[in-house]
Structures are given as structure tokens and as C-alpha cells.
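Working notes, structure below.
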Amino acid sequence: MSFGPDLKLTFSRSHIIRLGFLPYVRDVIIRPELLRAAIQFWDPKVHVFHFGFSELCPSVEEFHAYLGGFDVEVPVNPFEKIEIAQTLSEKLGISKNASKSLTEGRALNIPHLINQFRGNRFALCLCLLATFLLLQPDGQASSLLVSVAAQIDDHKDVSPMVLAETLMGLDAMYDGQTNVFGGSPLFLQLWLCDKLNLLEPIPRNLVHETWGFIRRDFVVVYEREELWV
């Protein structure tokens, strides 16, 4: 997993307890052209993609599965306020004054976190959130991620927040407010690649005759019950 030309993190088994799926997709290359192509099929009014005859939208359950499917019921509260310097001090084992050097205004200093706290699980969680799950259009890692990481450490589920941020990122891209995807472009791409493989092709006789999109329910039938898992 790379955070720039000279910044790398190495996963170990002890690091991946609450974000278990990410190590297996850390080498996935984001394809901006695929994500931008999908934007034209996005409907911000009802938050679904219209692909041919199908209406599809990522679900909390799917994003939860991408994170490892841990048995947690309480979601992360994005509005929960904490004392950032104090929390960083406790989680990283440094003084409160030293923890202030990890923030620049309202942004986290991710390169400093990587270089100085390579073996710390909380620091790794912050880096994963900033890089894969809760990207900001301005490219900054918000210091509010400290609260999110602390709640993950308390066994709360971040997948609803990741999904919400990703859907809002799609809305912003569709409306032309930004040209950078917010939320989790990684999970969005994984979801798109998975779902597009299941779509039925549009009948040839409708390709040139149909303008817009025809909507209908999309149902996948599995032959064996265990395939639902």
C-alpha cells in the first residue's frame, strides 16, 4: 500500500482486526475512467444507477462485507465530538503537546503518522480511513477522522458512514461541484465491477430504438442456498 513515492505501510495480522478486507485490495488500481463513466448513469434524486433495464445502488450490507463483515450493530456517529489532541496522545502513546504536531489546522499530517507510528494500529486505521474509505474532495485528511477511528476502536461500524459519504460524493460529481470522488472510490469500483458482471445485456433490437432507460426489478436467482452467503 503506497502513500506517495517514499511512504509505505506494511500490514500484519494484528493490524487488520477491524478493517479486515482492505489488505486484500490494497493493490487494486483505481480506474477514474470507469468511475467517471458510471456517473452518467447515476440518478441523484433516488440514489440509484440506471444500467439498461436495472436499477442498482450500493448497500450498507455490501460495504460492511467489504470491511470484513464483523459482528457489530452500533454505527459510527460522524457528529461525535472528542478532544483530538488528547485522543491522539492516548492512542499513540505520546504527550499531548507532541500530538498537536500531527494536525495542521483541521487536517491530519498523514506522512508524519506513517513515518513516526508505523507499528501503531490506531495510526494505521487513520491512514486507511484517509486513503481508502473517507476521502475528501480537497485531498486533505480531516482531523475529524480521529473521532471515527476511536469509535472503530470501540467496535462500532463505519460502513454506513462510508456509504453515505460515497453517495454524496457521487451527487457532487454528477452536479459538477467537484471532479474528485469523495467517500470510497475503492469500494465503489469494487461494487461496480461486481454488479456489472451480473447485468443482462440490452436486447439488440432495443439498442437503437430506446432513448433514456427502461427500469425494471433486477433479480439474481442462485441454484444453491449456500451461494447466498
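Hydrogens, waters and symmetry mates are skipped; everything else that's a heavy atom, side chains included, is used.
Taking the side chain as every heavy atom from C-beta outward, Leu113 and Leu92 approach each other to under 4.5 Å. Using a 4.5 Å heavy-atom cutoff, the side chains of Lys156 and Glu80 are in contact. Considering only heavy atoms from C-beta on, Gln189 comes within 4.5 Å of Leu35 through its side chain. Residues Ile39 and Phe181 form a side-chain contact, since some pair of their non-hydrogen atoms from C-beta on lies under 4.5 Å apart. The closest side-chain heavy-atom distance from Thr166 to Trp191 is not below 4.5 Å. Side-chain atoms of Ile152 and Leu129, non-hydrogen and from C-beta on, do get closer than 4.5 Å to each other. Looking only at side-chain heavy atoms (C-beta outward), Leu34 and Cys193 come within less than 4.5 Å of each other. Counting heavy atoms from C-beta on, the side chains of Phe122 and Val146 come closer than 4.5 Å.
When atom types are taken as modelled, the side chain of Ser147 and the backbone of Leu144 share no donor-acceptor pair closer than 3.5 angstrom. Between the Asn120 side chain and the Lys91 main chain, a donor and an acceptor come within less than 3.5 Å of each other. Under a 3.5 Å cut-off, the side chain of Ser89 and the backbone N or O of Ile94 do form a donor-acceptor pair. A donor-acceptor pair is defined here as one N or O able to donate and one able to accept, closer than 3.5 Å; such a pair exists between the side chain of Asp157 and the backbone of Ser159.
Connection of Tyr174 to Phe51 is established within a shared hydrophobic cluster, with ILVMFWY side chains joined at heavy-atom distances below 4.5 Å, either directly or through further cluster members. No single ILVMFWY cluster, assembled from side-chain heavy atoms under 4.5 Å apart, contains both Leu56 and Met168. A chain of hydrophobic side-chain contacts below 4.5 Å, direct or via other Ile, Leu, Val, Met, Phe, Trp or Tyr residues, connects Leu167 to Leu190. Leu170 and Leu196 fall within a single hydrophobic cluster, where Ile, Leu, Val, Met, Phe, Trp and Tyr side chains are chained together by heavy-atom contacts under 4.5 Å. Note on Ile30: it does not cluster hydrophobically with Leu135, by side-chain heavy-atom contacts below 4.5 Å among ILVMFWY residues.
Contact between Ser142 and Leu108 at its shortest, heavy atoms only, is O-CD1, 3.7 Å. Met173 and Thr178 get closest at one heavy-atom pair: SD-O, 3.3 Å.
Put simply, CD on Glu90 and NZ on Lys96 are 9.5 Å apart, with the number rounded to the nearest 0.5 Å. Residue Phe117 holds its CZ atom at 10.5 Å from SG of Cys127, rounded to the nearest 0.5 Å. Taken from NZ in Lys100 to CG in Leu88, the straight-line distance is 11.5 Å, to the nearest 0.5 Å. Taking CD from Gln140 and CD from Glu104, the interatomic distance works out to 8.0 Å, rounded to the nearest 0.5 Å. Note that NE2 of His50 and CG of Asp43 are 4.0 Å apart. Values are rounded to the nearest 0.5 Å. Going from atom CG of Leu126 over to atom CD1 of Ile110 covers 6.5 Å, rounded to the nearest 0.5 Å.
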ask   = Between Val46 and Cys57, is a side chain to side chain contact (heavy atoms under 4.5 Å, CB included) present by the stated rule, with each step listed?
value = CA-CA 10 Å; Val46 291; Cys57 181; over 6 Å; no
request  = Given side chain to side chain donor-acceptor pair (under 3.5 Å), test Glu83 with Thr87 step by step and report yes or no.
outcome  = CA-CA 6 Å; Glu83 215 289 306; Thr87 302; over 6 Å; no
ask   = Should Gln151 and Met161 be marked as a side chain to side chain contact (heavy atoms under 4.5 Å, CB included) after you check the CA-CA gap, both sets of side-chain angles, and the distance that decides it?
value = CA-CA 12 Å; Gln151 292 180 69; Met161 182 177 179; over 6 Å; no
task = Run the numbers on Leu163 and Phe187 for side chain to side chain contact (heavy atoms under 4.5 Å, CB included), then give the verdict.
result = CA-CA 9 Å; Leu163 176 60; Phe187 280 12; over 6 Å; no
message = Would Leu67 and Leu133 count as a side chain to side chain contact (heavy atoms under 4.5 Å, CB included) here? Give the steps.
response = CA-CA 10 Å; Leu67 286 169; Leu133 300 181; 3.9 Å; yes
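Trp42 has its ring centre less than 6.0 Å from the ring centre of His47.
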